[in-house]
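Structure record follows, encoded as structure tokens.
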Amino acid sequence: MLTMLEEALAQLDQVAALIKLEEGVHKRLRRAQRALIVSVPTRMDDGRVEVFEGYRVQHDNSFGPTKGGIRYHPDVNLDEVTALAMLMTWKCALMGLPYGGAKGGVRCTPTAMSQGELERMTRRFTSEIVLIIGPDLDIPAPDVYTNEQTMAWMMDTYSMQRGITVPGVVTGKPVLLGGSLGRRESTGRGVAFVTADAARELRIGLAGATVAVQGKGNVGGVAARLLHEAGCRVVGLSDSKGGIYNSKGLDISRVLRHLQEGGRFADLPDGDTITNAELLALPVDILIPAALEGAIHEGNADRIRAKLIVEGANGPTAAAADRILEGKGTRVVPDILANAGGVTVSYFEWVQDLQFYFWREEEINQRLKELMAAAFRRVWDYAAEQKVSMRLAAMSLAVKRVAEAHRVRGLYP
Ligand code: GLU
């Protein structure tokens, strides 16, 4: 199996050949511009000192500050963070945002840590990367197992070191501290928008369409709820341990409320418990992998029965699986388009922070809808024109845009 970075590079190489990318630019884009590895000593509640490893990788800054989330997970490593930073470059370029791509993370087990431990680790991590972040330099945001509270601690730590309050250093903050209305739901909302767009093109009627969602978090949970509200029949939902299935459709709000209150899928009377492998193979119209990378691989791709896959997660489909899906005629709306709603509203948040002027939620959701619809249209049309997958089309449009910035700016010195 390829590592995530090997997958990302293979993808870039394929696109480079397709768009005849200039060799010098191709070589530069294969590497991250800057990467920092830090150790994060943290006092645990029992008095011990644990030393975590943290990373911040900035892949390319030709359009402006770099942008991307911070992930807390036991599998975080430099290879993965670099690949995710590269994906952020393509995502921001595809959406036309004035950002390059970055990503960060700490290798830890957040689910086994107390709030106090998480706060101390976050603050130490922030101060270790303080020299390379800032509102005009690199702007972190939430990702897997980080949230508004994490961003509040990061903003506070950065601000205390600077001696002034700097809300624009991170996005995905609490609204009270300069966060944006609508940011929390924005990734899932964007997923729901492009799902509707793709379903329309593929003539899958959204009302009554069956949907399975892998992931009940900020992306999967929100997308499931919004699609349920749009008339879809969400029949399956899961988290890292497994999920639930009911062919008649789940009452998503009730299921999510139960989970938020600490309940387990197994205690719900709403349906049958299933494994993640079973969820991915459900007989549905639409499958939304919204958990971690590599969920769909060579070993399970041929069991997928959905007509449409919308990638809520970053990198959920391995390249080998992509080929199998393409052979079967399964349409895949790629991550850099499907989950771009998050970074798009992050951009709105940053603009509001820089201007100290805040927008109404309807305005934010409307602007998000317009940007997502326009990006979907560009990708859909380019894929049709070039007779390539939506992933190749989205990547081509993004890489071309970055390459053009490199060409026009030239090579320093
Ligand atoms: N972590 C999210 C992503 O993968 C959001 C990044 C951001 O808002 O900067 O797109």
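Numbering of residues begins at 1 and proceeds along the displayed sequence. For the numbers below, each heavy atom of this structure counts, side chains included, while hydrogens, waters and symmetry mates do not.
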Provide the closest heavy-atom pair for [X] versus [Y] in the form atom of the first, atom of the second, distance.
{"X": "Arg378", "Y": "Leu94", "answer": "NH2-O, 2.9 Å"}
{"X": "Val333", "Y": "Ala198", "answer": "CG2-CB, 3.9 Å"}
{"X": "Ala152", "Y": "Leu177", "answer": "CB-CD1, 3.9 Å"}
{"X": "Met4", "Y": "Leu87", "answer": "CE-CD1, 4.2 Å"}
{"X": "Ala102", "Y": "Arg56", "answer": "CB-NH2, 3.4 Å"}
{"X": "Val81", "Y": "Gly105", "answer": "CG2-N, 4.4 Å"}

inquiry  = Thr171 vs Arg183, test: side chain to side chain donor-acceptor pair (under 3.5 Å). Steps then yes/no.
reply    = CA-CA 9 Å; Thr171 58; Arg183 172 63 184 88; 4.8 Å; no
Would you check if there is a donor-acceptor pair between the side chains of [Y] and [X] at a distance under 3.5 Å?
{"X": "Thr89", "Y": "Asp60", "value": "no"}
{"X": "Thr3", "Y": "Asp79", "value": "yes"}
{"X": "His26", "Y": "Asp13", "value": "yes"}
{"X": "Ser114", "Y": "Asp45", "value": "yes"}
{"X": "Gln214", "Y": "Ser238", "value": "no"}
{"X": "Thr122", "Y": "Tyr72", "value": "yes"}
{"X": "Gln366", "Y": "Glu370", "value": "yes"}
{"X": "Glu349", "Y": "Tyr347", "value": "no"}
{"X": "Thr157", "Y": "Arg123", "value": "yes"}
{"X": "Asn314", "Y": "Glu293", "value": "no"}

Heavy atoms of other groups near [X] [atom1], more than 12 under 6.0 Å:
{"X": "Met44", "atom1": "CE", "value": "yes"}
{"X": "Arg31", "atom1": "CZ", "value": "no"}
{"X": "Glu6", "atom1": "CD", "value": "yes"}
{"X": "Tyr145", "atom1": "OH", "value": "no"}

Side chain to side chain, [X] and [Y], heavy atoms closer than 4.5 Å:
{"X": "Leu78", "Y": "Ile37", "value": "yes"}
{"X": "Cys108", "Y": "Met121", "value": "yes"}
{"X": "Leu256", "Y": "Leu237", "value": "yes"}
{"X": "Ile309", "Y": "Arg331", "value": "no"}
{"X": "Thr126", "Y": "Trp153", "value": "no"}
{"X": "Glu22", "Y": "Arg407", "value": "no"}
{"X": "Lys216", "Y": "Gln260", "value": "no"}
{"X": "Leu325", "Y": "Ile304", "value": "yes"}

Do any N or O atoms from the side chain of [X] and from the backbone of [Y] form a donor-acceptor pair under 3.5 angstrom?
{"X": "Glu7", "Y": "Ala319", "value": "yes"}
{"X": "Asn365", "Y": "Glu362", "value": "no"}
{"X": "Arg71", "Y": "Asp143", "value": "no"}
{"X": "His59", "Y": "Leu29", "value": "yes"}
{"X": "His258", "Y": "Phe265", "value": "no"}
{"X": "Thr146", "Y": "Ile70", "value": "yes"}
{"X": "Asp335", "Y": "Gly315", "value": "yes"}
{"X": "Trp350", "Y": "Pro135", "value": "yes"}
{"X": "Asn218", "Y": "Arg184", "value": "yes"}
{"X": "Gln352", "Y": "Phe348", "value": "yes"}

SB check [X] [Y] (cutoff 4.0 Å):
{"X": "Arg257", "Y": "Glu261", "answer": "no"}
{"X": "Lys173", "Y": "Asp353", "answer": "yes"}
{"X": "Asp138", "Y": "Lys67", "answer": "no"}
{"X": "Glu201", "Y": "Arg377", "answer": "yes"}
{"X": "Arg107", "Y": "Asp75", "answer": "no"}
{"X": "Lys328", "Y": "Glu326", "answer": "no"}

Subject >> Pair Val211-Ile288, side chain to side chain contact (heavy atoms under 4.5 Å, CB included): steps then yes or no >> reply: CA-CA 8 Å; Val211 181; Ile288 302 184; 4.1 Å; yes
Exercise. Could you please spell out the steps behind the side chain to side chain donor-acceptor pair (under 3.5 Å) verdict for Thr317 and Asp322?
Key: CA-CA 6 Å; Thr317 313; Asp322 242 350; 5.1 Å; no
- So Glu311 and Asn339, side chain to side chain contact (heavy atoms under 4.5 Å, CB included) or not? Walk me through it. CA-CA 7 Å; Glu311 296 185 331; Asn339 70 34; 5.8 Å; no
Taken to the nearest 0.5 Å, the spacing of Arg43 CZ from Glu117 CD works out to 11.5 Å
Separation between CE (Met372) and CZ (Phe376), nearest 0.5 Å, reads 10.0 Å
Let me check something: any side-chain donor-acceptor pairs from residues 394-403 under 3.5 Å, sequence neighbours excluded? List them with distances.
| unit_1 | atom_1 | unit_2 | atom_2 | d |
| --- | --- | --- | --- | --- |
| Ser396 | OG | Leu392 | O | 2.6 |
| Lys400 | NZ | Tyr382 | OH | 3.1 |
| Arg401 | NE | Ala93 | O | 3.3 |

Exercise. Report the C-alpha distance between Tyr55 and Leu36 in whole Å, list the side-chain angles of each, state the deciding distance to 0.1 Å, and finish with yes or no for side chain to side chain contact (heavy atoms under 4.5 Å, CB included).
Key: CA-CA 6 Å; Tyr55 313 87; Leu36 190 59; over 6 Å; no
When you measure from the centre of the six-membered ring of Trp359, is the NZ or CZ of Arg367 closer than 6.0 Å and no more than 45° off the axis?
yes
| task | Report the C-alpha separation of Asp156 and Ser159 in whole Å, then their side-chain angles, then the decisive distance to 0.1 Å, and conclude whether the side chain to side chain donor-acceptor pair (under 3.5 Å) test is met. | result | CA-CA 5 Å; Asp156 183 69; Ser159 297; over 6 Å; no
Checklist entry - Where do Glu363 and Leu181 land on the side chain to side chain contact (heavy atoms under 4.5 Å, CB included) test, with the steps shown first? => result CA-CA 10 Å; Glu363 198 174 336; Leu181 293 168; over 6 Å; no
